[in-house]
Asks: 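If you scroll down you'll find the structure; I have some questions about it.
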Protein chains: 2
Amino acid sequence: MGRAQGFETGQAVRAAREVFWRDGYAEASVPALERATGLNRSSIYHAFGSKRGLFDAAVQSYLDEVVRPRLRPLVADAVAPDALVGYLTGLRAALARAEEIQGAAGCLLVNTSSSPLASDDAVRQTVADYRAELRAALRRGVVAMRPDAPEADADRLADVCTALVISAFTLVRVDPPSALHCLDTAVDVLKH
Amino acid sequence: MGRAQGFETGQAVRAAREVFWRDGYAEASVPALERATGLNRSSIYHAFGSKRGLFDAAVQSYLDEVVRPRLRPLVADAVAPDALVGYLTGLRAALARAEEIQGAAGCLLVNTSSSPLASDDAVRQTVADYRAELRAALRRGVVAMRPDAPEADADRLADVCTALVISAFTLVRVDPPSALHCLDTAVDVLKH
DNA sequence: TATATACTGCAACGAGCGTTACACAACTTG
DNA sequence: CAAGTTGTGTAACGCTCGTTGCAGTATATA
(Lines give C-alpha, C1' and ligand atoms only; values in the text may rest on other atoms or scores of the structure.)
Protein backbone atom coordinates (compact mmCIF):
# COMPACT_ATOMS: atom_id res chain seq x y z
CA MET A 1 0.00 0.00 0.00
CA GLY A 2 1.06 3.60 -0.47
CA ARG A 3 2.89 5.23 -3.30
CA ALA A 4 5.29 3.11 -5.33
CA GLN A 5 8.98 3.96 -5.59
CA GLY A 6 9.62 5.96 -8.71
CA PHE A 7 13.09 4.67 -9.45
CA GLU A 8 14.79 1.32 -9.72
CA THR A 9 16.93 0.71 -6.65
CA GLY A 10 19.60 -1.32 -8.40
CA GLN A 11 20.11 1.34 -11.01
CA ALA A 12 20.43 4.09 -8.43
CA VAL A 13 22.92 2.06 -6.43
CA ARG A 14 24.91 1.39 -9.56
CA ALA A 15 25.09 5.10 -10.31
CA ALA A 16 26.13 5.90 -6.75
CA ARG A 17 28.71 3.12 -6.90
CA GLU A 18 30.51 4.88 -9.73
CA VAL A 19 30.75 8.06 -7.69
CA PHE A 20 32.10 6.31 -4.60
CA TRP A 21 34.45 4.37 -6.85
CA ARG A 22 35.81 7.53 -8.39
CA ASP A 23 35.86 9.88 -5.42
CA GLY A 24 36.02 7.64 -2.40
CA TYR A 25 33.56 7.74 0.46
CA ALA A 26 34.49 11.03 2.11
CA GLU A 27 34.85 13.07 -1.03
CA ALA A 28 31.67 11.79 -2.65
CA SER A 29 29.28 14.55 -1.69
CA VAL A 30 25.57 14.06 -1.31
CA PRO A 31 24.82 16.61 -4.05
CA ALA A 32 27.11 14.64 -6.36
CA LEU A 33 25.24 11.46 -5.47
CA GLU A 34 21.95 13.24 -6.16
CA ARG A 35 23.18 14.24 -9.59
CA ALA A 36 24.52 10.80 -10.45
CA THR A 37 21.46 8.90 -9.31
CA GLY A 38 18.97 11.50 -10.49
CA LEU A 39 17.34 11.30 -7.07
CA ASN A 40 16.39 13.96 -4.59
CA ARG A 41 17.98 13.89 -1.15
CA SER A 42 14.65 12.91 0.29
CA SER A 43 14.50 9.81 -1.85
CA ILE A 44 18.06 8.86 -1.01
CA TYR A 45 17.59 9.28 2.71
CA HIS A 46 14.23 7.56 2.61
CA ALA A 47 15.57 4.56 0.73
CA PHE A 48 19.04 4.22 2.27
CA GLY A 49 18.85 6.07 5.56
CA SER A 50 22.15 7.86 5.18
CA LYS A 51 25.12 8.43 2.94
CA ARG A 52 26.78 5.52 4.65
CA GLY A 53 23.78 3.31 3.96
CA LEU A 54 24.03 4.11 0.27
CA PHE A 55 27.75 3.37 0.37
CA ASP A 56 27.16 -0.03 1.96
CA ALA A 57 24.62 -0.82 -0.75
CA ALA A 58 27.16 0.30 -3.35
CA VAL A 59 29.82 -1.99 -1.91
CA GLN A 60 27.42 -4.92 -1.91
CA SER A 61 26.49 -4.17 -5.49
CA TYR A 62 30.17 -3.92 -6.38
CA LEU A 63 30.85 -7.36 -4.96
CA ASP A 64 27.81 -8.93 -6.60
CA GLU A 65 27.97 -7.29 -9.99
CA VAL A 66 31.63 -6.54 -10.57
CA VAL A 67 33.93 -8.70 -8.47
CA ARG A 68 32.16 -12.04 -8.40
CA PRO A 69 31.18 -12.27 -12.06
CA ARG A 70 34.81 -11.67 -12.93
CA LEU A 71 35.99 -14.37 -10.54
CA ARG A 72 33.28 -16.87 -11.45
CA PRO A 73 35.37 -18.89 -13.94
CA LEU A 74 37.93 -19.38 -11.17
CA VAL A 75 35.50 -20.83 -8.67
CA ALA A 76 33.57 -23.05 -11.06
CA ASP A 77 33.34 -26.79 -10.48
CA ALA A 78 35.95 -27.42 -13.12
CA VAL A 79 38.39 -24.57 -13.54
CA ALA A 80 39.89 -24.32 -17.00
CA PRO A 81 43.71 -24.42 -17.21
CA ASP A 82 43.86 -20.98 -18.73
CA ALA A 83 41.18 -19.45 -16.51
CA LEU A 84 43.69 -17.48 -14.45
CA VAL A 85 45.45 -16.05 -17.48
CA GLY A 86 42.04 -15.20 -18.87
CA TYR A 87 41.17 -13.39 -15.66
CA LEU A 88 44.39 -11.41 -15.74
CA THR A 89 44.11 -10.36 -19.35
CA GLY A 90 40.45 -9.48 -18.89
CA LEU A 91 41.32 -7.39 -15.89
CA ARG A 92 44.07 -5.72 -17.85
CA ALA A 93 41.63 -4.71 -20.52
CA ALA A 94 39.17 -3.49 -17.90
CA LEU A 95 41.80 -1.36 -16.17
CA ALA A 96 42.90 0.17 -19.43
CA ARG A 97 39.28 0.82 -20.37
CA ALA A 98 38.23 2.27 -17.05
CA GLU A 99 41.01 4.82 -17.36
CA GLU A 100 39.46 6.46 -20.41
CA ILE A 101 35.77 6.02 -19.75
CA GLN A 102 35.50 7.89 -16.49
CA GLY A 103 37.25 8.65 -13.25
CA ALA A 104 36.21 5.43 -11.59
CA ALA A 105 39.46 3.53 -11.51
CA GLY A 106 41.08 0.60 -9.79
CA CYS A 107 39.02 -1.27 -7.26
CA LEU A 108 36.41 0.29 -5.02
CA LEU A 109 37.50 -1.84 -2.09
CA VAL A 110 41.23 -1.39 -2.57
CA ASN A 111 40.72 2.35 -2.83
CA THR A 112 38.73 2.24 0.39
CA SER A 113 41.41 0.33 2.26
CA SER A 114 43.77 3.30 2.14
CA SER A 115 41.21 5.72 3.52
CA PRO A 116 40.20 6.59 7.06
CA LEU A 117 37.01 4.61 6.49
CA ALA A 118 39.26 1.56 6.71
CA SER A 119 39.19 2.09 10.47
CA ASP A 120 35.52 1.13 10.47
CA ASP A 121 35.28 -2.48 11.58
CA ALA A 122 32.57 -3.45 9.11
CA VAL A 123 34.54 -2.00 6.21
CA ARG A 124 37.73 -3.63 7.42
CA GLN A 125 36.03 -7.00 7.52
CA THR A 126 34.56 -6.55 4.08
CA VAL A 127 37.90 -5.70 2.55
CA ALA A 128 39.68 -8.51 4.35
CA ASP A 129 37.06 -10.97 3.14
CA TYR A 130 37.38 -9.61 -0.37
CA ARG A 131 41.14 -10.09 -0.31
CA ALA A 132 40.77 -13.64 0.94
CA GLU A 133 38.16 -14.38 -1.73
CA LEU A 134 40.39 -13.00 -4.45
CA ARG A 135 43.37 -14.96 -3.20
CA ALA A 136 41.42 -18.20 -2.94
CA ALA A 137 40.10 -17.78 -6.49
CA LEU A 138 43.54 -17.05 -7.88
CA ARG A 139 44.88 -20.10 -6.08
CA ARG A 140 42.28 -22.25 -7.77
CA GLY A 141 43.46 -20.85 -11.05
CA VAL A 142 47.05 -21.70 -10.21
CA VAL A 143 46.16 -25.25 -9.27
CA ALA A 144 44.13 -25.71 -12.45
CA MET A 145 47.13 -24.51 -14.38
CA ARG A 146 49.65 -26.74 -12.62
CA PRO A 147 47.85 -29.66 -11.04
CA ASP A 148 51.09 -31.39 -10.07
CA ALA A 149 52.84 -28.48 -8.36
CA PRO A 150 53.54 -28.75 -4.62
CA GLU A 151 51.12 -26.95 -2.33
CA ALA A 152 53.78 -24.53 -1.20
CA ASP A 153 54.41 -23.48 -4.78
CA ALA A 154 50.71 -22.95 -5.39
CA ASP A 155 50.48 -20.84 -2.27
CA ARG A 156 53.42 -18.73 -3.26
CA LEU A 157 52.17 -18.23 -6.79
CA ALA A 158 48.74 -17.30 -5.53
CA ASP A 159 50.23 -14.76 -3.12
CA VAL A 160 52.36 -13.25 -5.85
CA CYS A 161 49.44 -13.00 -8.26
CA THR A 162 47.21 -11.47 -5.63
CA ALA A 163 49.85 -8.89 -4.82
CA LEU A 164 50.36 -8.06 -8.48
CA VAL A 165 46.62 -7.58 -8.94
CA ILE A 166 46.31 -5.37 -5.87
CA SER A 167 49.32 -3.36 -6.96
CA ALA A 168 47.76 -2.89 -10.35
CA PHE A 169 44.61 -1.55 -8.70
CA THR A 170 46.66 0.74 -6.49
CA LEU A 171 48.72 2.17 -9.34
CA VAL A 172 46.10 2.66 -12.02
CA ARG A 173 45.39 6.25 -11.11
CA VAL A 174 48.92 7.52 -10.84
CA ASP A 175 50.90 5.30 -13.16
CA PRO A 176 48.74 3.35 -15.61
CA PRO A 177 51.64 1.81 -17.54
CA SER A 178 53.10 0.36 -14.35
CA ALA A 179 49.68 -0.92 -13.38
CA LEU A 180 49.23 -2.77 -16.65
CA HIS A 181 52.80 -4.01 -16.39
CA CYS A 182 51.91 -5.61 -13.05
CA LEU A 183 49.32 -7.78 -14.74
CA ASP A 184 51.70 -8.63 -17.57
CA THR A 185 54.23 -9.68 -14.97
CA ALA A 186 51.66 -11.90 -13.34
CA VAL A 187 51.04 -13.71 -16.62
CA ASP A 188 54.78 -13.88 -17.14
CA VAL A 189 55.38 -15.37 -13.71
CA LEU A 190 52.74 -18.03 -14.30
CA LYS A 191 54.61 -19.22 -17.35
CA HIS A 192 57.84 -20.01 -15.46
CA MET B 1 65.53 41.17 10.02
CA GLY B 2 62.23 41.00 11.80
CA ARG B 3 60.95 38.56 14.33
CA ALA B 4 62.38 35.07 14.23
CA GLN B 5 60.17 32.04 13.68
CA GLY B 6 59.17 30.57 16.99
CA PHE B 7 59.09 26.95 15.90
CA GLU B 8 61.33 24.56 14.06
CA THR B 9 60.01 24.01 10.56
CA GLY B 10 61.22 20.44 10.23
CA GLN B 11 59.57 19.43 13.46
CA ALA B 12 56.25 21.00 12.47
CA VAL B 13 56.34 19.32 9.08
CA ARG B 14 57.10 16.01 10.72
CA ALA B 15 54.08 16.38 12.99
CA ALA B 16 51.84 17.35 10.08
CA ARG B 17 53.22 14.43 8.11
CA GLU B 18 51.87 11.99 10.66
CA VAL B 19 48.41 13.49 10.38
CA PHE B 20 48.36 13.35 6.57
CA TRP B 21 49.78 9.84 6.79
CA ARG B 22 47.02 8.71 9.08
CA ASP B 23 44.03 10.61 7.69
CA GLY B 24 44.92 11.35 4.10
CA TYR B 25 44.93 14.81 2.60
CA ALA B 26 41.22 15.55 2.44
CA GLU B 27 40.34 14.25 5.86
CA ALA B 28 43.23 15.90 7.63
CA SER B 29 41.54 19.06 8.90
CA VAL B 30 43.39 22.27 9.55
CA PRO B 31 42.36 22.23 13.22
CA ALA B 32 43.86 18.74 13.48
CA LEU B 33 47.05 20.01 11.89
CA GLU B 34 47.10 22.90 14.33
CA ARG B 35 46.85 20.50 17.23
CA ALA B 36 49.50 18.13 15.93
CA THR B 37 52.02 20.83 15.11
CA GLY B 38 51.18 23.02 18.08
CA LEU B 39 50.92 25.96 15.70
CA ASN B 40 48.25 28.54 15.16
CA ARG B 41 46.58 28.75 11.77
CA SER B 42 48.33 32.04 11.18
CA SER B 43 51.74 30.45 11.57
CA ILE B 44 50.81 27.57 9.30
CA TYR B 45 49.47 29.80 6.58
CA HIS B 46 52.36 32.23 6.92
CA ALA B 47 54.95 29.48 6.66
CA PHE B 48 53.32 27.18 4.13
CA GLY B 49 50.77 29.32 2.33
CA SER B 50 47.99 26.75 2.41
CA LYS B 51 47.01 23.30 3.58
CA ARG B 52 48.27 22.00 0.29
CA GLY B 53 51.61 23.71 0.80
CA LEU B 54 51.99 21.98 4.13
CA PHE B 55 51.08 18.69 2.50
CA ASP B 56 53.72 19.13 -0.18
CA ALA B 57 56.30 19.84 2.52
CA ALA B 58 55.12 16.74 4.36
CA VAL B 59 55.54 14.60 1.25
CA GLN B 60 59.02 15.96 0.67
CA SER B 61 59.90 15.27 4.27
CA TYR B 62 58.48 11.78 3.94
CA LEU B 63 60.68 11.05 0.96
CA ASP B 64 63.79 12.50 2.57
CA GLU B 65 63.40 11.18 6.07
CA VAL B 66 61.45 7.96 5.72
CA VAL B 67 61.69 6.47 2.25
CA ARG B 68 65.25 7.23 1.21
CA PRO B 69 67.01 6.32 4.45
CA ARG B 70 65.31 2.96 4.29
CA LEU B 71 66.36 2.42 0.68
CA ARG B 72 69.90 3.73 1.17
CA PRO B 73 71.58 0.31 1.60
CA LEU B 74 70.08 -0.70 -1.73
CA VAL B 75 71.52 2.20 -3.70
CA ALA B 76 74.97 2.21 -2.10
CA ASP B 77 78.09 1.84 -4.22
CA ALA B 78 78.39 -1.78 -3.18
CA VAL B 79 75.08 -3.40 -2.32
CA ALA B 80 75.39 -6.23 0.18
CA PRO B 81 73.98 -9.60 -0.95
CA ASP B 82 71.44 -9.62 1.86
CA ALA B 83 70.52 -5.95 1.58
CA LEU B 84 67.16 -6.66 0.00
CA VAL B 85 66.17 -9.24 2.59
CA GLY B 86 67.29 -6.76 5.22
CA TYR B 87 65.06 -4.11 3.69
CA LEU B 88 62.07 -6.44 3.64
CA THR B 89 62.47 -7.64 7.20
CA GLY B 90 63.06 -4.08 8.40
CA LEU B 91 59.94 -2.94 6.60
CA ARG B 92 58.03 -5.81 8.12
CA ALA B 93 59.02 -4.74 11.57
CA ALA B 94 58.13 -1.13 10.78
CA LEU B 95 54.69 -2.08 9.47
CA ALA B 96 53.96 -4.16 12.53
CA ARG B 97 55.20 -1.36 14.78
CA ALA B 98 53.31 1.44 13.04
CA GLU B 99 50.10 -0.48 13.58
CA GLU B 100 50.30 -0.23 17.33
CA ILE B 101 51.96 3.12 17.80
CA GLN B 102 49.42 5.29 16.07
CA GLY B 103 47.02 5.48 13.18
CA ALA B 104 49.68 6.38 10.64
CA ALA B 105 49.97 3.20 8.64
CA GLY B 106 51.26 1.94 5.35
CA CYS B 107 52.88 4.44 3.06
CA LEU B 108 51.89 8.08 2.76
CA LEU B 109 52.33 8.00 -1.01
CA VAL B 110 50.58 4.71 -1.60
CA ASN B 111 47.69 5.90 0.52
CA THR B 112 47.56 9.06 -1.55
CA SER B 113 47.49 7.19 -4.84
CA SER B 114 44.02 5.82 -4.13
CA SER B 115 42.57 9.22 -3.32
CA PRO B 116 41.09 11.92 -5.51
CA LEU B 117 44.26 13.92 -4.94
CA ALA B 118 45.88 11.39 -7.26
CA SER B 119 44.25 13.31 -10.09
CA ASP B 120 46.58 16.21 -9.35
CA ASP B 121 49.41 16.10 -11.87
CA ALA B 122 52.14 17.02 -9.40
CA VAL B 123 51.02 14.34 -6.97
CA ARG B 124 50.71 11.80 -9.73
CA GLN B 125 54.26 12.52 -10.85
CA THR B 126 55.59 12.26 -7.32
CA VAL B 127 53.97 8.90 -6.74
CA ALA B 128 55.07 7.57 -10.11
CA ASP B 129 58.64 8.65 -9.40
CA TYR B 130 58.46 7.08 -5.99
CA ARG B 131 57.32 3.80 -7.45
CA ALA B 132 60.11 3.85 -10.01
CA GLU B 133 62.67 4.66 -7.32
CA LEU B 134 61.44 1.82 -5.15
CA ARG B 135 61.48 -0.61 -8.03
CA ALA B 136 64.98 0.42 -9.12
CA ALA B 137 66.31 0.01 -5.59
CA LEU B 138 64.73 -3.41 -5.21
CA ARG B 139 66.21 -4.43 -8.53
CA ARG B 140 69.66 -3.49 -7.30
CA GLY B 141 69.04 -5.68 -4.30
CA VAL B 142 68.02 -8.56 -6.52
CA VAL B 143 71.13 -8.19 -8.65
CA ALA B 144 73.37 -8.05 -5.59
CA MET B 145 71.72 -11.22 -4.40
CA ARG B 146 72.06 -13.08 -7.69
CA PRO B 147 74.79 -11.51 -9.79
CA ASP B 148 74.62 -14.24 -12.41
CA ALA B 149 70.89 -14.25 -13.05
CA PRO B 150 69.62 -13.18 -16.48
CA GLU B 151 68.33 -9.64 -16.76
CA ALA B 152 64.81 -10.82 -17.44
CA ASP B 153 64.81 -12.75 -14.19
CA ALA B 154 66.07 -9.75 -12.26
CA ASP B 155 63.34 -7.61 -13.79
CA ARG B 156 60.66 -10.10 -12.95
CA LEU B 157 61.88 -10.54 -9.40
CA ALA B 158 62.06 -6.80 -8.92
CA ASP B 159 58.53 -6.37 -10.21
CA VAL B 160 57.24 -9.11 -7.95
CA CYS B 161 58.98 -7.67 -4.90
CA THR B 162 57.74 -4.18 -5.65
CA ALA B 163 54.20 -5.46 -5.97
CA LEU B 164 54.45 -7.39 -2.72
CA VAL B 165 55.72 -4.30 -0.93
CA ILE B 166 52.98 -2.09 -2.34
CA SER B 167 50.37 -4.70 -1.47
CA ALA B 168 51.70 -4.81 2.06
CA PHE B 169 51.29 -1.04 2.31
CA THR B 170 47.80 -1.24 0.90
CA LEU B 171 46.65 -3.98 3.24
CA VAL B 172 48.16 -2.88 6.54
CA ARG B 173 45.09 -1.00 7.68
CA VAL B 174 42.47 -3.59 6.89
CA ASP B 175 44.30 -6.88 7.17
CA PRO B 176 47.64 -6.62 8.98
CA PRO B 177 48.41 -10.37 8.93
CA SER B 178 48.02 -10.47 5.16
CA ALA B 179 50.21 -7.41 4.86
CA LEU B 180 53.01 -8.97 6.85
CA HIS B 181 52.54 -12.19 4.91
CA CYS B 182 53.20 -10.26 1.69
CA LEU B 183 56.65 -9.33 2.93
CA ASP B 184 57.31 -12.88 4.10
CA THR B 185 56.35 -14.09 0.66
CA ALA B 186 58.77 -11.64 -0.89
CA VAL B 187 61.62 -13.07 1.18
CA ASP B 188 60.40 -16.53 0.31
CA VAL B 189 60.33 -15.81 -3.40
CA LEU B 190 63.87 -14.46 -3.30
CA LYS B 191 65.09 -17.76 -1.92
CA HIS B 192 63.83 -19.78 -4.88
C1' DT C 1 66.75 54.31 20.31
C1' DA C 2 63.88 54.45 16.21
C1' DT C 3 62.12 52.03 12.43
C1' DA C 4 61.11 48.54 9.51
C1' DT C 5 60.17 43.75 9.10
C1' DA C 6 58.45 39.30 10.27
C1' DC C 7 55.77 36.15 13.19
C1' DT C 8 51.51 35.19 16.05
C1' DG C 9 46.72 35.40 18.21
C1' DC C 10 41.94 36.36 17.63
C1' DA C 11 38.02 36.58 15.10
C1' DA C 12 35.36 36.15 11.37
C1' DC C 13 34.36 34.98 6.63
C1' DG C 14 31.61 32.52 2.83
C1' DA C 15 30.90 28.04 1.30
C1' DG C 16 29.81 23.43 1.52
C1' DC C 17 28.79 19.53 4.19
C1' DG C 18 25.32 15.60 5.89
C1' DT C 19 21.00 15.56 7.83
C1' DT C 20 16.21 16.60 9.18
C1' DA C 21 11.37 18.56 9.19
C1' DC C 22 7.34 19.20 6.99
C1' DA C 23 3.94 19.71 3.55
C1' DC C 24 2.22 17.75 -0.65
C1' DA C 25 1.46 14.19 -4.16
C1' DA C 26 0.60 9.47 -5.51
C1' DC C 27 -1.16 5.18 -4.97
C1' DT C 28 -2.91 0.80 -2.48
C1' DT C 29 -6.26 -1.04 0.49
C1' DG C 30 -10.80 -1.42 2.83
C1' DC D 1 -15.02 6.63 -2.72
C1' DA D 2 -12.60 7.38 1.69
C1' DA D 3 -8.70 6.31 4.61
C1' DG D 4 -4.28 5.41 5.27
C1' DT D 5 0.35 4.75 3.87
C1' DT D 6 4.37 5.71 1.31
C1' DG D 7 7.47 8.40 -1.89
C1' DT D 8 8.97 13.10 -3.37
C1' DG D 9 9.99 18.24 -3.30
C1' DT D 10 11.37 22.45 -0.82
C1' DA D 11 13.64 24.56 2.63
C1' DA D 12 16.30 24.98 6.31
C1' DC D 13 19.08 23.20 10.05
C1' DG D 14 23.67 23.20 12.70
C1' DC D 15 28.21 22.25 11.81
C1' DT D 16 32.82 22.22 9.98
C1' DC D 17 35.69 23.35 6.45
C1' DG D 18 39.87 26.19 4.36
C1' DT D 19 41.04 30.76 4.16
C1' DT D 20 41.72 35.71 5.20
C1' DG D 21 42.19 40.47 7.74
C1' DC D 22 43.87 42.84 11.19
C1' DA D 23 45.74 44.19 15.34
C1' DG D 24 49.54 43.27 18.34
C1' DT D 25 54.11 41.53 19.57
C1' DA D 26 58.85 40.50 19.06
C1' DT D 27 63.18 41.00 16.75
C1' DA D 28 66.95 42.67 13.57
C1' DT D 29 68.92 46.55 11.43
C1' DA D 30 70.35 51.50 11.00
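Lettering of chains follows the sequences in order, A, B, ..., and the numbering in each one begins at 1.
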Asks: Between C/dG18, C/dC7, D/dG18, which nucleotide has the shortest distance from any of its atoms to the side chain of A/Y45?
Replies: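 Nearest listed nucleotide: C/dG18.
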
Asks: Would you say A/V66 ends up clustered with A/L54 if hydrophobic residues are merged whenever their side chains have heavy atoms under 4.5 Å apart, either directly or through other cluster members?
Replies: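 Yes, one cluster joins them.
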
Asks: To the nearest Å, give me how far apart CD1 (A/I44) and P (D/dG9) are.
Replies: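 So the CD1-P distance, A/I44 to D/dG9, works out to 11 Å.
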
Asks: Rounded to the Å, how far apart are B/E8 CD and C/dT8 P?
Replies: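 From B/E8 CD to C/dT8 P: 13 Å.
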
Asks: Taking the nucleotide of DNA chain D with the nearest heavy atom to each, does B/Y25 or A/A4 sit closer to the 5' end?
Replies: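 The answer here is A/A4.
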
Asks: In whole angstrom, give the distance that lies between atom CG of B/N40 and atom P of C/dA11.
Replies: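 So the CG-P distance, B/N40 to C/dA11, works out to 11 Å.
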
Asks: Using only atom types and a distance under 3.5 Å, with no angle test, would you say the side chain of B/N111 pairs donor to acceptor with the backbone of B/T170?
Replies: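 Side chain of B/N111 to backbone of B/T170: no pair is present.
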
Asks: To the nearest Å, give me how far apart NZ (A/K51) and P (C/dT20) are.
Replies: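 Rounding to the nearest Å, NZ of A/K51 and P of C/dT20 are 14 Å apart.
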
Asks: So does B/L190 get a backbone contact from the side chain of B/R146, meaning a donor-acceptor N/O pair under 3.5 Å?
Replies: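 Checked: pair present.
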
Asks: Figure out the CZ/P separation between B/R41 and C/dT8, and round it to whole Å.
Replies: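 Distance check: B/R41 CZ to C/dT8 P gives 16 Å.
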
Asks: What contact category does A/S42 fall into here, base, sugar-phosphate, or nothing, at under 4.0 angstrom with non-hydrogen atoms?
Replies: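 Base contact - A/S42 has a heavy atom under 4.0 Å of at least one base atom.
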
Asks: Check whether any side-chain nitrogen or oxygen of B/S43 sits under 4.0 Å from OP1 or OP2 of C/dC7, and answer yes or no.
Replies: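 Answer is no, no contact under 4.0 Å.
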
Asks: Nearest-Å distance, CG (B/L54) to C1' (D/dT19)?
Replies: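 Between C1' of D/dT19 and CG of B/L54: 14 Å.
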
Asks: Using a heavy-atom cut-off of under 4.0 Å over every strand shown, decide if B/A28 touches base, sugar-phosphate, or nothing.
Replies: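 The answer is sugar-phosphate, as B/A28 gets under 4.0 Å only of primed atoms, P, OP1 or OP2.
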
Asks: D/dT10 P sits how many Å from A/E34 CD, rounded?
Replies: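 Computing the A/E34:CD to D/dT10:P distance gives 11 Å.
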
Asks: Figure out the CZ/P separation between A/R3 and D/dT5, and round it to whole Å.
Replies: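 In whole Å, D/dT5 P lies 17 Å from A/R3 CZ.
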
Asks: Check whether any side-chain N or O of B/K51 sits under 3.5 Å from a backbone N or O of B/Y25 as a donor-acceptor pair, and report yes or no.
Replies: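 Yes; at least one donor-acceptor contact below 3.5 Å.
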
